[in-house]
Amino acid sequence: MASETSRRSQATPMKDAIEAFLKTFDLKTKFNETYLIAFWGRMMGQTIASRTKEIYVRNRVLYLRIDSSPLRQELFMAKTKLIDLVNKDIGESVVDDVVFL
């Protein structure tokens, strides 16, 4: 007879434990947004990352301040591809729209 406070007899993989923690405390969305900001350079490449002056996510909208007008226009034209790329890299839908500041 095991009580609720007893330990599990089997080990849980670290990934599953972290996922359960984030889900329990409703932190998954904030974690994904922070991941996006932290790994923006890896996702988009050094050229785009170096021209990105501000990046944040609010209500599933990615806000970007790009200091190069031609690059901003090019990213604007490829907005749906950018959204798909970001969501695919994270592994779930985090961003629905992109706004260029």
Side-chain angles (χ1 to χ4, degrees):
M1 186 189 283
S3 69
E4 287 186 34
T5 58
S6 68
R7 293 184 180 205
R8 295 181 186 176
S9 61
Q10 296 178 347
T12 303
M14 183 64 83
K15 180 180 178 185
D16 295 342
I18 292 172
E19 287 286 332
F21 174 80
L22 293 173
K23 183 178 179 184
T24 300
F25 292 100
D26 198 26
L27 297 171
K28 186 70 173 165
T29 302
K30 191 64 177 172
F31 176 81
N32 287 336
E33 291 171 359
T34 304
Y35 177 88
L36 169 78
I37 294 166
F39 290 99
W40 178 251
R42 185 181 59 81
M43 283 184 216
M44 295 292 122
Q46 187 58 36
T47 304
I48 294 174
S50 68
R51 302 262 189 229
T52 304
K53 298 304 173 195
E54 188 176 1
I55 177 172
Y56 61 94
V57 180
R58 294 277 190 283
N59 299 322
R60 300 182 56 85
V61 177
L62 175 63
Y63 293 89
L64 296 172
R65 184 177 311 277
I66 307 290
D67 67 355
S68 167
S69 294
L71 179 59
R72 184 181 324 116
Q73 185 63 28
E74 189 174 326
L75 290 174
F76 179 79
M77 299 300 285
K79 188 190 294 193
T80 56
K81 186 176 179 181
L82 176 66
I83 293 168
D84 291 341
L85 181 70
V86 166
N87 289 334
K88 183 179 178 184
D89 191 275
I90 293 175
E92 60 185 79
S93 180
V94 176
V95 175
D96 292 332
D97 195 12
V98 179
V99 173
F100 295 94
L101 304 172

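Both Ile48 and Ile37 belong to a single network of hydrophobic side chains, linked directly or stepwise wherever heavy atoms of I, L, V, M, F, W or Y lie under 4.5 Å apart. Grouping the Ile, Leu, Val, Met, Phe, Trp and Tyr side chains by contacts below 4.5 angstrom, directly or via other members, places Leu82 with Phe39. In the hydrophobic cluster analysis, where Ile, Leu, Val, Met, Phe, Trp and Tyr join through side-chain heavy atoms closer than 4.5 angstrom, Phe21 is grouped together with Phe31.
Looking at heavy atoms from C-beta onward, Val94 lies out of side-chain contact with Tyr35 at the 4.5 angstrom threshold. Considering only heavy atoms from C-beta on, Lys81 stays 4.5 Å or farther from Leu85 through its side chain. Between Asp96 and Ile83 the shortest side-chain heavy-atom distance does not fall below 4.5 Å. A heavy-atom distance below 4.5 Å is found between the side chains of Leu62 and Leu64. Between Leu101 and Tyr56 there is a side-chain heavy-atom pair separated by less than 4.5 Å. The shortest distance between side-chain heavy atoms of Met44 and Thr52 does not fall below 4.5 Å.
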Listed pairs under 3.5 Å, donor-acceptor, residues 70-79 side chains, sequence neighbours left out:
residue: Arg72; atom: NE; partner: Ile66; partner atom: O; Å: 3.4
residue: Arg72; atom: NH2; partner: Ile66; partner atom: O; Å: 2.9
residue: Lys79; atom: NZ; partner: Val98; partner atom: O; Å: 3.2

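The side chain to side chain contact (heavy atoms under 4.5 Å, CB included) with Val86 is formed by just one residue from the set Ile90, Asp84, Asp89; it is Ile90.
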Met43 vs Leu36, side chain to side chain contact (heavy atoms under 4.5 Å, CB included): CA-CA, chis, key distance, verdict: CA-CA 8 Å; Met43 283 184 216; Leu36 169 78; 3.8 Å; yes
Steps toward salt bridge (Lys or Arg N to Asp or Glu O under 4.0 Å) verdict (Lys28, Glu19): CA-CA 8 Å; Lys28 186 70 173 165; Glu19 287 286 332; 3.0 Å; yes
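By the 6.0 Å contact criterion, CG on Asp26 is open, its count of non-hydrogen atoms from other residues, nucleotides or ligands being 12 or less.
There is no side-chain donor-acceptor pair under 3.5 Å between Arg60 and Thr29. No side-chain donor-acceptor contact under 3.5 Å links Asn87 and Glu92.
Atoms OG and CZ, from Ser69 and Arg51 in turn, are 10.5 Å apart once rounded to the nearest 0.5 Å. In this structure, OH on Tyr63 lies 11.0 Å from CD on Glu54, to the nearest 0.5 angstrom.
Minimum interatomic distance between Gly41 and Ala49 (heavy atoms only, all atoms of both residues): CA-CB, 3.5 Å.
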